[in-house]
Amino acid sequence: MLYLLLFFNEENLEHTDLVYKYFSDDDFLRISGKIKEVELTTSGEIRVLFREKKSLFAKNKSIAQIAKDEFYRLKMDNTRDKTGILLFFLLKDRAFYICADSGINSLVEQSTWDNIRDAIQNNFKEGMFLEGLLTGLDSVGKVLSKHFPRKSDDTNELTDKVEF
């Protein structure tokens, strides 16, 4: 599990449909397409989830706990080889969390996630939100394909659609 901060501009945080301040519907299609493309090289399963803010029920929870709750709600822990990975974005808090299943965590070093975090954050700081996320997905895909190459009997266990 890895906690990562985003650095969005403060003035963008007042919009009621916050996710559309950073991404368009076309962007969501590109993100889904990138997930599908990346998963062709790995048995890993990647999901992206955006929340604008914490729900009333999650008000006192950390982003890590919310991401873990969402990970289980999305049944990402049910993959064959425990290779689910969730990129969870909490926009109002300007934060995100990468939540990986036990199969991934047992093989991937923290420094790998730190490098992915830095690349995403650098793009976000420059206002390149789509590019940052696509770069992050490419990097996650490379890590997964190295440790969990696609198997001949691999199936897409989870949807590639962006979750809101």
Side-chain angles (χ1 to χ4, degrees), residues 1-54 62-64 66-68 70-71 74 76 79 83-101 104-105 107-150 154 156-164:
M1 309 289 175
L2 179 64
Y3 181 73
L4 305 166
L5 291 177
L6 298 181
F7 295 94
F8 294 104
N9 295 327
E10 285 292 333
E11 64 270 12
N12 290 335
L13 293 176
E14 294 175 57
H15 191 271
T16 56
D17 228 358
L18 196 54
V19 72
Y20 287 105
K21 281 294 206 181
Y22 307 107
F23 300 96
S24 69
D25 287 332
D26 287 340
D27 292 342
F28 299 132
L29 291 173
R30 289 188 64 193
I31 294 165
S32 294
K34 178 58 76 175
I35 292 169
K36 185 175 185 167
E37 173 189 323
V38 165
E39 287 183 353
L40 292 175
T41 65
T42 179
S43 60
E45 294 290 331
I46 304 167
R47 298 288 312 271
V48 173
L49 170 61
F50 290 100
R51 289 281 183 259
E52 290 193 11
K53 61 184 179 180
K54 292 180 180 181
S62 69
I63 189 171
I66 297 167
K68 290 173 193 175
E70 293 291 347
F71 185 87
L74 295 170
M76 295 192 67
T79 60
T83 56
I85 187 162
L86 174 66
L87 281 73
F88 174 73
F89 294 81
L90 193 55
L91 299 175
K92 187 153 178 102
D93 288 3
R94 296 177 295 153
F96 71 94
Y97 192 90
I98 296 176
C99 189
D101 210 344
I104 295 170
N105 286 332
L107 296 175
V108 179
E109 295 181 18
Q110 181 63 43
S111 62
T112 301
W113 300 126
D114 292 344
N115 291 335
I116 293 171
R117 174 203 60 214
D118 293 346
I120 293 171
Q121 285 181 339
N122 288 337
N123 280 285
F124 285 1
K125 285 179 185 179
E126 297 296 321
M128 299 185 306
F129 303 107
L130 177 63
E131 294 83 357
L133 185 48
L134 295 177
T135 297
L137 289 169
D138 273 332
S139 298
V140 167
K142 288 176 185 171
V143 170
L144 292 178
S145 64
K146 176 182 175 186
H147 296 287
F148 305 98
R150 188 170 178 92
D154 190 68
N156 192 9
E157 299 175 80
L158 301 171
T159 181
D160 300 331
K161 292 180 181 176
V162 176
E163 179 85 13
F164 300 95

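All values derive from a computational prediction rather than experimental measurement.
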Is it the case that the side chain of Arg47 and the backbone of Thr159 share a donor-acceptor pair, with hydrogens and angles ignored and the cut-off at 3.5 Å? yes
Could you please spell out the steps behind the side chain to side chain contact (heavy atoms under 4.5 Å, CB included) verdict for Phe148 and Asp154? CA-CA 11 Å; Phe148 305 98; Asp154 190 68; over 6 Å; no
Can you give me the closest heavy-atom contact between Leu130 and Asp27, atom names plus distance? CD2-OD1, 3.2 Å
Say whether, by atom type as modelled, one donor and one acceptor occur between the side chain of Glu45 and the main chain of Met76 under 3.5 angstrom. no
What's the separation between atom OG1 in Thr112 and atom NE2 in His147, rounded to the nearest 0.5 Å? 6.5 Å
Salt bridge flag under 4.0 Å for residues Lys34 and Glu37: yes
Heavy atoms of Leu90 and Ile63 approach each other most closely as CB-CD1, 3.8 Å
Nearest 0.5 angstrom please: Leu134 CG to Met128 CE, how far? 11.5 Å
Correct closest heavy-atom pair for Ser32 and Lys161 would be OG-CA, 3.4 Å
Does the distance from a Lys or Arg side-chain N to an Asp or Glu carboxylate O, for Glu70 and Arg51, drop under 4.0 Å? yes
What about the rings of Phe28 and Phe164, do their centers lie closer together than 6.0 Å? yes
How about Phe88 and Tyr97: are their ring centres within less than 6.0 Å of each other? no
For Leu86 and Ala67, work out which heavy atoms get closest and say how close. CD2-O, 3.7 Å
Spatial distance of atom CD1 (Ile46) from atom CG (Leu158) [nearest 0.5 Å]: 10.5 Å
To the nearest 0.5 Å, what is the distance between CG on Asp93 and CD1 on Ile66? 7.5 Å
Do other residues, nucleotides or ligands put more than 12 heavy atoms under 6.0 Å from the NZ atom of Lys142? no
Using 30° and 60° as the class limits, which term best fits the ring planes of Phe96 and Phe124: parallel, tilted or perpendicular? perpendicular
A side-chain contact here means heavy atoms from C-beta on lying under 4.5 Å apart; do Phe89 and Val162 qualify? no
So which heavy atom on Val38 is nearest to which on Leu137, and how close? CG2-O, 3.8 Å
With ring centroids as reference points, do Phe50 and Tyr22 lie under 6.0 angstrom apart? no
Value for CG (Leu49) from CG (Leu74), rounded to nearest 0.5 Å, stands at 6.0 Å
Side chains of Ile120 and Thr135: closer than 4.5 Å at any heavy-atom pair? no
Taking the side chain as C-beta and beyond, is there a heavy-atom pair between Phe71 and Ile85 under 4.5 Å? no
Between the main-chain N or O of Gly141 and the side-chain N or O of Thr42, is there a donor-acceptor pair closer than 3.5 Å? no
Does Asp114 pair with Arg117 as a salt bridge, N-O distance under 4.0 Å? yes
Heavy-atom closest pair (Val19 atom, Glu52 atom, distance to 0.1 Å) is N-OE2, 3.5 Å
About how many Å separate OG of Ser43 and CG of Asn156, when rounded to the nearest 0.5 Å? 11.5 Å
